[in-house]
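Each remark here refers to the structure printed beneath this line.
Hydrogens, waters and symmetry mates play no part in the numbers below; they use all other heavy atoms, side chains included.
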Amino acid sequence: DEKARRVTRISKERAERIAKSHACVKCGEYSYKRVSVKPASARLEESLGVVWSTQQVCGVCDTHFELGIDEDGTVVYDG
């Protein structure tokens with residue numbers, strides 16, 4: 001079952017595109033100074049079903065925030 005779940009997960013590149021297409025949580029802009037995508041922690045994966053975690057810095061208002069993305073590419077949380 002775990003092997004089947006790993007096969008259907010979105011790629012890191014796809015998670016990065018999803019993160020860049022998500023508006024800043026403060027100002028609503030889509031320009032970023034930095035977007036970092038990493039595998040989610042085991043705790044996040046178990047509790048929220050998140051497989052990718054992103055750290056983002058807005059290029060307009062300099063807000064730092066993160067996104068959690070599940071295996072289907074859905075944003076589970078932002079903030």
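Here the side chains of Y77 and L67 are not in contact, with every heavy-atom distance at 4.5 Å or above. A 4.5 Å side-chain heavy-atom check between C58 and S31 finds every atom pair outside the cut-off.
For the salt bridge (Lys or Arg N to Asp or Glu O under 4.0 Å) condition, the pairs that include at least one residue of residues 50-66, sequence neighbours left out, are K33-D62.
Nearest heavy-atom pair, A19 versus Q56, reported as atom, atom and distance to 0.1 Å: O-NE2, 3.2 Å. Nearest approach of A23 to G28, heavy atoms of both residues: CB-O, 3.5 Å. Summarising the geometry of K20 relative to Y32, their closest heavy-atom pair is O-CE1, 3.6 Å, with the distance given to 0.1 Å.
For V37, the side-chain contact (heavy atoms from CB on, under 4.5 Å) partners are K12, A15, E16, V35, W52, T54, not counting sequence neighbours. In this structure, the side-chain contact (heavy atoms from CB on, under 4.5 Å) partners of R34, at least two apart in sequence or on a different chain, are S36, Q55, V57, H64. Every residue meeting the side-chain contact (heavy atoms from CB on, under 4.5 Å) condition with T74, not counting sequence neighbours, appears here in chain and number order: D70, D72. With sequence neighbours left out, R14 forms a side-chain contact (heavy atoms from CB on, under 4.5 Å) with I10, S11, R17, I18.
The hydrophobic cluster containing Y30, built from Ile/Leu/Val/Met/Phe/Trp/Tyr side-chain heavy atoms closer than 4.5 Å, comprises no other residue. Other members of a hydrophobic cluster containing V60 are absent, since no ILVMFWY side chain comes under 4.5 Å of it, directly or through relayed contacts.
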Discussion item. Working note: S53 + S41, criterion side chain to side chain contact (heavy atoms under 4.5 Å, CB included); need CA distance, chi angles, decisive distance, verdict.
Written reply: CA-CA 8 Å; S53 181; S41 67; over 6 Å; no
